[in-house]
2 protein chains.
Amino acid sequence: MQIPEGESRGSQLLPVLSRLGRLLREIEGPDYPSSVATAVLRKLTDEGPGRVTDLARLTRVSQPGMTQLIGRLEKADLVRRVPDPDDRRGVLVEVTEAGRKLLNRTYVHYAAVLDEMFEQLSPDDSDAVIRALPALARLAQAGEERRSGPAR
Amino acid sequence: MQIPEGESRGSQLLPVLSRLGRLLREIEGPDYPSSVATAVLRKLTDEGPGRVTDLARLTRVSQPGMTQLIGRLEKADLVRRVPDPDDRRGVLVEVTEAGRKLLNRTYVHYAAVLDEMFEQLSPDDSDAVIRALPALARLAQAGEERRSGPAR
DNA sequence: TATTGTTATACTCTATAACTATA
DNA sequence: TATAGTTATAGAGTATAACAATA
């Protein structure tokens with residue numbers, strides 16, 4: 001081990017978080033949308049049609065990047081572009097029925113994989129993870145606010 | 001919310017894990033190596049020179065994919081290829097001093113970002129996260145073994 | 001024959017710069 | 001002028017198929 005030995009909380013969290021992240025990326029097979037695409041489908045499903053610019057900001061990809069992603073999703077019939085009646089420069093992106101179904105399938109698949117992993121864990125470990133979820137969620141929120149507050 | 005409301009442990013973990021994963025990907029700026037590259041640099045730093053095939057298996061990328069990654073890392077002077085004296089088909093990849101330094105800088109940067117996030121958390125939440133780390137590590141391990149056992 | 005690694009090729013995802021149309 | 005979105009182009013990252021050299 002050549003790394004500065006971890007005493008700070010961040011140093012302790014880092015290796016575990018890295019492993020979990022790598023895991024998540026592995027579950028993401030070619031049959032399921034990328035994490036950014038999933039975030040877009042989720043937002044459109046939960047909150048209705050949205051602007052390209054807003055989706056780009058939400059997922060922190062560039063505006064052209066979002067145009068391109070929407071193009072791929074539209075080609076796959078997962079979303080649809082409709083003109084924005086209030087601003088003729090813009091478009092509204094809305095999720096299709098196929099998009100909603102894929103989002104659902106993705107969610108079920110991921111949850112099933114995670115459930116399988118929990119089955120390998122002792123009851124104590126399972127409980128410890130579940131009990132920490134609210135704190136972990138707030139940690140994630142702190143991270144999301146880290147840049148969106150100061151920057152932009 | 002159109003998603004099947006989560007009662008299983010996997011369903012509860014999924015949204016939190018997704019947010020943490022997205023966060024990790026955001027911290028990974030263009031100034032730092034990708035997660036696969038980081039895993040390679042870490043392995044070479046911790047355990048000495050390694051074969052392309054072993055690095056590919058470790059990180060679960062294809063053998064050509066690893067050849068290409070090593071090519072990019074070598075061009076950036078982060079690793080170096082040396083002939084394997086024991087098997088003339090193979091090469092040994094070893095990390096350079098610049099590679100070690102970058103790995104260290106990456107580690108420090110990530111840990112610092114996570115520390116910043118912890119500072120936004122209440123002491124109770126911080127403790128809850130830290131206490132859950134061993135269980136989370138075992139969960140990650142269960143995931144890593146999920147495919148490596150049965151498959152391959 | 002099997003294994004190690006590479007080359008050839010293609011596809012996804014993402015970025016920056018330059019552009020068009022509307023406000 | 002500023003904003004919304006697109007097009008053009010380039011690069012990282014990854015895969016499969018075909019190949020060369022060695023075991």
Side-chain angles (χ1 to χ4, degrees), chain A residues 21-22 24-41 44 49-76 78-94 102 106 152, chain B residues 21-22 24-41 44 49-76 78-94 102 106 147 151-152:
Chain A
R22 203 130 29 99
L24 252 186
R25 239 162 295 133
E26 251 171 67
I27 304 176
E28 255 182 41
D31 301 345
Y32 298 97
S34 74
S35 66
V36 177
T38 303
V40 167
L41 292 176
L44 297 178
R51 312 285 300 253
V52 170
T53 303
D54 293 337
L55 296 171
R57 261 200 292 263
L58 172 77
T59 56
R60 314 235 200 197
V61 304
S62 65
Q63 201 181 61
M66 185 51 63
T67 288
Q68 293 162 42
L69 171 60
I70 297 301
R72 289 191 300 272
L73 295 178
E74 192 168 38
K75 209 170 83 180
L78 301 174
V79 305
R80 171 190 317 125
R81 269 182 250 238
V82 301
D84 184 338
D86 300 337
D87 182 344
R88 287 192 313 182
R89 293 171 306 179
V91 297
L92 287 175
V93 182
E94 55 182 40
L102 177 59
T106 303
R152 174 96 309 246
Chain B
R22 203 130 29 99
L24 252 187
R25 239 163 294 133
E26 250 171 66
I27 304 175
E28 256 182 41
D31 301 345
Y32 298 99
S34 74
S35 67
V36 176
T38 303
V40 167
L41 293 175
L44 297 179
R51 313 284 301 255
V52 171
T53 302
D54 293 337
L55 295 171
R57 260 201 292 265
L58 172 78
T59 56
R60 313 234 201 198
V61 304
S62 66
Q63 202 181 61
M66 185 50 64
T67 288
Q68 292 162 44
L69 172 59
I70 296 302
R72 289 192 299 273
L73 295 179
E74 194 169 37
K75 210 170 84 182
L78 300 174
V79 304
R80 170 190 318 125
R81 269 182 250 239
V82 301
D84 184 339
D86 300 337
D87 183 343
R88 287 192 312 183
R89 294 171 305 180
V91 296
L92 287 176
V93 181
E94 54 183 39
L102 177 61
T106 303
R147 269 236 153 165
R152 177 101 302 253

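These numbers were taken from a predicted model, which means no experiment stands behind them. Heavy atoms only: backbone and side chains are in, while hydrogens, waters and symmetry mates are out. We name chains A, B, ... by the order of the sequence lines, and we start the count at 1 in each one.
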Distance test, side-chain N/O of T53(B) to OP1/OP2 of dG5(C), below 4.0 Å = yes
Within the structure shown, what part of the strands sits under 4.0 Å from D87(A) by heavy-atom distance: base, sugar-phosphate, or nothing?
-> sugar-phosphate
Say whether T59(B) and R22(A), considering side chains only, have a donor N or O and an acceptor N or O under 3.5 Å apart.
-> no
What does S62(A) touch in the nucleic acid at a heavy-atom separation under 4.0 angstrom: a base, only the sugar-phosphate, or nothing?
-> base
Length of the line joining Q68(A):CD and dG11(D):P, which is rounded to integer Å = 15 Å
Quickly work out the E74(B) CD to dG5(C) C1' distance and round it to whole Å.
-> 13 Å
In whole Å, what is the span from the CG atom of L92(B) to the P atom of dT4(C)?
-> 13 Å
How many Å lie between CZ on R57(A) and P on dA4(D), as a whole number?
-> 7 Å
Value in whole Å for how far the P atom of dA12(D) lies from CE of M66(B) = 17 Å
Does a side-chain N or O from R81(B) land closer than 4.0 Å to OP1 or OP2 of dT6(C), or not?
-> yes
First of P64(A) and S35(A) reached from the 5' end of DNA chain C, by closest nucleotide = S35(A)
Which part of the nucleic acid, if any, lies within reach of T67(A) when heavy atoms closer than 4.0 Å are counted: base, sugar-phosphate only, or nothing?
-> base
Sugar-phosphate only, base, or nothing, as touched by R51(A) at under 4.0 Å among non-hydrogen atoms = sugar-phosphate
Let me know the distance between CG of D84(A) and C1' of dA23(C), rounded to the nearest Å.
-> 12 Å
Side chains of E28(A) and S34(A), donor plus acceptor under 3.5 Å = no
Report yes or no: is there a donor-acceptor pair, N or O only, under 3.5 Å between the side chain of Q63(A) and the base of dA15(C)?
-> no
List the steps, then state whether salt bridge (charged side-chain N to carboxylate O under 4.0 Å, His left out) holds for E74(B) with R81(B).
-> CA-CA 8 Å; E74(B) 194 169 37; R81(B) 269 182 250 239; 3.1 Å; yes
Rounded distance (Å) that lies between atom P of dT3(D) and atom CG of D54(A) = 14 Å
Run the salt-bridge test on D87(B) and R51(B) with the 4.0 Å N-O cut-off and return the result as yes or no.
-> yes
What is the distance, rounded to the nearest whole Å, between atom CZ of R72(A) and atom P of dT6(D)?
-> 13 Å
Indicate the atoms forming the closest heavy-atom contact of A56(B) with S62(B), along with that distance.
-> CB-O, 3.9 Å
Identify, between V61(A) and R88(A), the residue whose nearest nucleotide on DNA chain C lies closer to the 5' end.
-> V61(A)
